[in-house]
2 protein chains.
Amino acid sequence: MPPFDMVRSMTGVGVDVHPCGTCPVRPLTVCAVLDDEEISRLADIVQTVRVDAQHTIFSEGDPATNVFNVTSGTAKLYKLLPDGRRQITGFLFGGDFMGLSVNERYAYTAETVSATTICRFARRKLDTLMDEFPKLQRRLFSLASTELAAAQDQMLLLGRKTAREKIASFLIMLSDRAARRGQRDNPVALPMGRADIADYLGLTTETVSRTFTQLKSSGVISLLENNRVDLIDRTAIHEIAEGV
Amino acid sequence: MPPFDMVRSMTGVGVDVHPCGTCPVRPLTVCAVLDDEEISRLADIVQTVRVDAQHTIFSEGDPATNVFNVTSGTAKLYKLLPDGRRQITGFLFGGDFMGLSVNERYAYTAETVSATTICRFARRKLDTLMDEFPKLQRRLFSLASTELAAAQDQMLLLGRKTAREKIASFLIMLSDRAARRGQRDNPVALPMGRADIADYLGLTTETVSRTFTQLKSSGVISLLENNRVDLIDRTAIHEIAEGV
DNA sequence: CGATATCTTGAGGAATCTCAATACTAGTGG
DNA sequence: CCACTAGTATTGAGATTCCTCAAGATATCG
């Protein structure tokens, strides 16, 4: 397989949407620990691109030449079984990082959910910069640790929670992450479809749909237009999520 | 809660089993990247302890003052739901690392499965050492990334694999890890009980038991004494694990 | 406004769980 | 050395959650 080049290999891609200086998610991401001087060094090795909805950013098995930072929009990461069964391992929103890889290949596929802007770093150049700025290295380590903790929560969800608990946990997670990005925590926007939610929670689309209906019937949520969910009784949803 | 001290708070613990110089798993672990000089610096801040089977090393919510390296034996990490449902997020064998934490608290409980020797580092001192030896920092980052990839595999397993596929995947994983530690890859030792296997795979003990019986009946494994499993047809087990 | 996707709802089925009984294993004390 | 006990594993029968397949409703987009 030839070296991967996202811009050349993708359709629906635009380049250089905004520079790092005006990055809206800088405080949330890797760049938070760098001062303006250092950011400009980072800006030298970064390319900001805009990708339409439903496009592949990289595929499982591709050479892991780049790492990425989502600045706006929504992306998803997933792994497949040979027969097509799919597990989404994470959704990414503005400020989220992806593409870290131990091997020289990506361990999962990354696809946009909605139109998304991403900044892309060549891994080799980032490695060099990490040597130069130890706090960058430290920051990436910290992000990886955070992701690891989230992965463990997701294992608990997948292995031990009921459909009802999974959906409630999912809504709380989206709400909390929206708040962390400085957006309103309610109502919650669902940029992804039922199929994606199902593949993230280890369910089928039908069960996801039925469970939303059921939570609506019990009065804890309300389904608004534009795929948004009103968390009517946040406390109750929290309790459902934790299986209380 | 007072500062946690494993040695004082635990029963079944012995101290200083062996020094770093003769550590049997050094090439597998954090220490692999350090030379003898640097190892001796690490040895200054490490305490090696022996813990009997079925003892808690630290609990979810405890102040995360230490990080640990298992040098022999088996441990497990788990998270609980309020009603007692449990998800084991990982088993640890010689060479494995645990206790990394973003917050100041552990995100999971760690318990020994069999008698285990562990070396313990005070996190604050390790942080200092990381500043001094950037390659130590790099090494920990790499270990965290590897763990993250494993967590994603486990999500695929928990969300999308059948009981049969889960058990097959589990056996392959144990076999591969034994090989990486320089042990025979077959037969596979199962130091943990059925309940632990169930809580790791998102199943019940009964289903685990039935699935072992079923794999035995189809002739791909054989159940030996001392909780060991003979992988008779490794290729077939691999295929079952991947859902082919 | 029609065509196509997606979402919701329904009915029946399958995998796994729950509850219960039996078998095995390992450690203990006679 | 063997019987006893306690814990663990296996097996069985029935219940349940979630899945599969299928149809209808709603939303989206040109």
Side-chain angles (χ1 to χ4, degrees), chain A residues 12 52-54 76 81 83-87 113-115 157-170 189-218 221-229 240 243, chain B residues 12 52-54 74 76 81 83-87 113-115 157-171 189-218 221-229 240 243:
Chain A
D52 287 344
Q54 307 298 348
K76 64 191 175 197
L81 287 171
D83 67 357
R85 277 175 288 171
R86 187 177 68 146
Q87 180 65 40
V113 172
S114 57
L157 178 146
L158 290 168
R160 287 302 180 214
K161 290 188 181 179
T162 65
R164 191 178 162 84
E165 291 161 1
K166 286 176 175 179
I167 295 286
S169 304
F170 181 63
L190 304 181
M192 67 295 288
R194 296 290 186 264
D196 282 347
I197 298 175
D199 283 345
Y200 181 63
L201 300 177
L203 299 169
T204 58
T205 57
E206 293 94 331
T207 299
V208 170
S209 191
R210 275 186 253 271
T211 307
F212 273 121
T213 305
Q214 187 202 322
L215 288 173
K216 187 176 65 175
S217 305
S218 41
I221 65 168
S222 169
L223 301 177
L224 311 176
E225 53 211 7
N226 271 106
N227 270 314
R228 291 171 335 138
V229 180
I240 293 169
Chain B
D52 286 344
Q54 307 298 347
T74 310
K76 64 191 175 196
L81 287 172
D83 66 358
R85 276 174 288 171
R86 187 176 68 145
Q87 180 64 42
V113 171
S114 57
L157 177 147
L158 290 169
R160 288 302 181 212
K161 289 188 181 179
T162 65
R164 190 178 161 85
E165 291 160 1
K166 286 176 176 179
I167 295 286
S169 304
F170 180 63
L171 292 173
L190 305 181
M192 68 294 288
R194 295 291 185 262
D196 282 348
I197 299 175
D199 282 345
Y200 181 63
L201 299 177
L203 299 170
T204 58
T205 56
E206 294 93 332
T207 299
V208 170
S209 193
R210 277 186 251 270
T211 307
F212 272 121
T213 306
Q214 186 201 321
L215 288 173
K216 188 176 64 176
S217 305
S218 41
I221 66 168
S222 170
L223 300 176
L224 311 177
E225 53 212 5
N226 271 108
N227 269 315
R228 290 170 336 136
V229 179
I240 293 169

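Note that the structure is a prediction, hence the values are computed from the model and not measured. In what follows, every heavy atom counts, from backbone to side chain, and hydrogens, waters and symmetry copies are set aside. Numbers restart at 1 for each chain; the letters A, B, ... are given by sequence-line order, proteins then strands.
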Classify A:Thr205 by what it touches in the nucleic acid, base, sugar-phosphate, or nothing, heavy-atom distance under 4.0 Å.
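Counting heavy atoms under 4.0 Å across all strands, no contact is made by A:Thr205.
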Scan for salt bridge (charged side-chain N to carboxylate O under 4.0 Å, His left out) pairs involving residues 201-218 of chain B, sequence neighbours excluded, and state none if there are none.
none
Listed partners of [X] passing side chain to side chain donor-acceptor pair (under 3.5 Å), at least two apart:
X        : result
B:Arg86  : B:Asp196, B:Asp199
B:Thr207 : B:Thr204
A:Thr205 : none
B:Ser169 : B:Lys161

Which residues pass the salt bridge (charged side-chain N to carboxylate O under 4.0 Å, His left out) test with B:Arg85, not counting sequence neighbours?
A:Glu165, B:Asp83
Please report, rounded to the nearest Å, how far the [atom2] atom of [N] is from the [atom1] atom of [X].
X        : N      : atom1 : atom2 : answer
B:Ile167 : D:dA9  : CD1   : P     : 12 Å
A:Asp199 : C:dC7  : CG    : P     : 12 Å
B:Gln214 : D:dT10 : CD    : P     : 13 Å
B:Phe212 : D:dT8  : CZ    : P     : 16 Å
A:Leu223 : C:dT9  : CG    : P     : 9 Å

Glycosidic class, syn or anti, of C:dA21 using a 90° window around 0:
anti
Those residues that, when tested against A:Phe170, pass ring pair (Phe, Tyr, Trp, His ring centres under 6.0 Å) (two or more places apart):
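Partners of A:Phe170 under the ring pair (Phe, Tyr, Trp, His ring centres under 6.0 Å) test: A:Tyr200.
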Please identify each residue that fulfils side chain to side chain contact (heavy atoms under 4.5 Å, CB included) with B:Ser114, with sequence neighbours left out.
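B:Thr74, B:Thr116.
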Using a 4.0 Å heavy-atom cut-off to protein, can you give one letter per nucleotide of nucleotides 14-23 of chain D, 5' to 3': B if the base is in contact, S if only the sugar-phosphate is, - if neither?
----SSBB--
Per-nucleotide protein contact string for nucleotides 25-30 of chain D (B base, S sugar-phosphate only, - none; heavy atom under 4.0 Å)
------
Could you tell me, to 10°, how much the axis swings from one end of the helix from C:dT6-D:dA25 to C:dG30-D:dC1 to the other, five pairs per end?
40°
Spacing of A:Lys76 atom NZ and A:Met192 atom CE [to the nearest 0.5 Å]
9.5 Å
Measure the spacing between CD1 of B:Ile167 and CD1 of B:Ile197 and express it to the nearest 0.5 Å.
6.0 Å
Could you pull out the protein-nucleic contacts involving nucleotides 4-6 of chain C (nitrogen or oxygen on both sides, under 3.5 Å)?
none

Show the nearest heavy-atom pair for residues B:Arg164 and B:Thr211, with the distance to one decimal.
CA-CG2, 3.7 Å
Indicate the atoms forming the closest heavy-atom contact of B:Leu157 with B:Lys166, along with that distance.
O-CE, 3.4 Å
With side chains defined as the heavy atoms from C-beta onward, is the minimum distance between B:Leu224 and B:Val229 less than 4.5 Å?
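Not touching, per the 4.5 Å side-chain cut-off.
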